[in-house]
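Written below as structure tokens is the structure these notes are about.
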Amino acid sequence: MRKWLPALLFAFLALFASGAVTYAETGISRADLHAQNNSGEEGTAVLSGLPDGTTKVEITLSGAEGMDQPAHIHQGSCANLNPVPAYPLNNVVNGTSTTIVKVPITDLLGGRYAINVHKSAAEVSTYVACGDLTALMNAGGTAPGTAPGMPTTGQAQPGLPAGLLLLLGGPALLALGWGLRRRALRR
């Protein structure tokens with residue numbers, strides 16, 4: 001029976017570590033896209049970290065119906081945008097766009113990037129909507145690891161799997177070890 005204890009301990013640690021890694025690499029954040037150049041186009045960009053280290057970017061704009069508009073993630077902020085796109089996004093068509101970007105969500109958050117929507121392919125220098133990507137999104141955003149609509153506490157909290165494993169797994173392993181030790185002493 002003692003041969004199983006190290007294997008069980010290793011399995012518990014592996015499960016705990018995988019829960020912590022999943023939390024670090026996934027999450028959901030929302031940025032408000034504000035109208036620029038009197039476009040009247042406003043909306044949101046929802047970033048979802050995926051377990052494979054990529055990020056899904058979903059843009060929804062009102063006032064953009066019937067249009068096909070280029071969108072990108074740029075370095076900088078809306079107030080000081082690098083005009084060269086860092087990551088291309090699928091065009092916003094009829095007010096929506098969904099793109100998988102091959103970069104972790106944690107790399108995109110923190111104030112180094114902004115999402116920008118352009119008027120059209122012919123008028124790419126005219127910006128119609130922009131939103132800064134910050135660690136805790138401004139104007140209604142959520143922290144990584146929380147769902148849209150949940151209140152933001154100002155600090156990301158560990159996800160349930162890692163916390164639950166820590167809370168229940170540690171005492172369970174202690175009880176198992178204690179029981180095995182008692183059993184071995186009886187022999």
Side-chain angles (χ1 to χ4, degrees), residues 20-159:
V21 168
T22 300
Y23 168 70
E25 294 179 351
T26 62
I28 298 174
S29 291
R30 189 188 88 196
D32 288 336
L33 300 176
H34 300 283
Q36 293 187 314
N37 296 310
N38 297 316
S39 69
E41 296 182 37
E42 294 184 328
T44 59
V46 176
L47 282 70
S48 304
L50 303 175
D52 64 357
T54 61
T55 303
K56 180 166 66 168
V57 180
E58 298 172 281
I59 297 174
T60 305
L61 281 179
S62 62
E65 294 76 19
M67 297 184 190
D68 186 348
Q69 301 170 297
H72 306 98
I73 297 175
H74 292 261
Q75 285 187 322
S77 65
C78 293
N80 187 23
L81 201 64
N82 180 341
V84 178
Y87 302 100
L89 300 174
N90 292 328
N91 285 0
V92 177
V93 178
N94 292 321
T96 64
S97 168
T98 300
T99 308
I100 303 294
V101 182
K102 293 182 180 180
V103 62
I105 190 171
T106 53
D107 290 358
L108 295 174
L109 304 179
R112 297 185 322 259
Y113 294 99
I115 290 183
N116 197 26
V117 181
H118 306 265
K119 185 172 184 178
S120 66
E123 297 180 77
V124 75
S125 62
T126 303
Y127 304 149
V128 295
C130 190
D132 293 330
L133 304 180
T134 60
L136 292 174
M137 299 296 186
N138 295 324
T142 60
T146 63
M150 290 180 65
T152 302
T153 62
Q155 193 172 23
Q157 301 297 321

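For this chain, numbers begin at 1 and follow the sequence in order.
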Exercise for review: Check step by step if side chain to side chain contact (heavy atoms under 4.5 Å, CB included) holds for Ile73 and Val103.
Suggested key: CA-CA 11 Å; Ile73 297 175; Val103 62; 5.9 Å; no
To the nearest 0.5 Å, what is the distance between [atom1] ([X]) and [atom2] ([Y])?
{"X": "Ile59", "Y": "Asn90", "atom1": "CD1", "atom2": "CG", "answer": "9.0 Å"}
{"X": "Gln75", "Y": "Leu133", "atom1": "CD", "atom2": "CG", "answer": "12.0 Å"}
{"X": "Leu109", "Y": "Asp132", "atom1": "CG", "atom2": "CG", "answer": "12.0 Å"}
{"X": "Thr55", "Y": "Ile28", "atom1": "OG1", "atom2": "CD1", "answer": "11.5 Å"}
{"X": "Leu47", "Y": "Ile115", "atom1": "CG", "atom2": "CD1", "answer": "5.0 Å"}
{"X": "Lys102", "Y": "Leu50", "atom1": "NZ", "atom2": "CG", "answer": "12.5 Å"}

If you look at every heavy atom in [X] and [Y], which pair is closest and at what distance?
{"X": "Thr99", "Y": "Pro88", "value": "CG2-O, 4.1 Å"}
{"X": "Leu33", "Y": "Gly131", "value": "CD2-N, 3.5 Å"}
{"X": "Pro70", "Y": "Ser120", "value": "CD-C, 3.5 Å"}

Point to revise | Qualifying residues under side chain to side chain donor-acceptor pair (under 3.5 Å), relative to Asn94, sequence neighbours excluded | key: none
Practice item. Give the C-alpha distance, both sets of side-chain angles, the deciding distance and a yes or no for side chain to side chain contact (heavy atoms under 4.5 Å, CB included) between His72 and Asn116. Key: CA-CA 6 Å; His72 306 98; Asn116 197 26; 5.6 Å; no
Point to revise | Contact list for residues 35-49, test side-chain hydrogen bond (donor to acceptor under 3.5 Å, both in side chains), sequence neighbours left out | key: Glu41-Gln69
Check your understanding: Do His118 and Tyr127 pass the ring-ring contact (aromatic ring centres under 6.0 Å, His included) test, and can you show the C-alpha distance, the side-chain angles, and the key distance before you say yes or no?
Key -> CA-CA 4 Å; His118 306 265; Tyr127 304 149; 5.3 Å; yes
Point to revise | Residues forming a side chain to side chain contact (heavy atoms under 4.5 Å, CB included) with Val93, sequence neighbours excluded | key: Asp68, Asn91
**Study point:** Derivation of the side chain to side chain contact (heavy atoms under 4.5 Å, CB included) call for Tyr87 and Val57
**Key:** CA-CA 11 Å; Tyr87 302 100; Val57 180; over 6 Å; no
Practice item. Assess whether side chain to side chain contact (heavy atoms under 4.5 Å, CB included) is satisfied between Val92 and Met67, documenting all intermediate values. Key: CA-CA 8 Å; Val92 177; Met67 297 184 190; over 6 Å; no
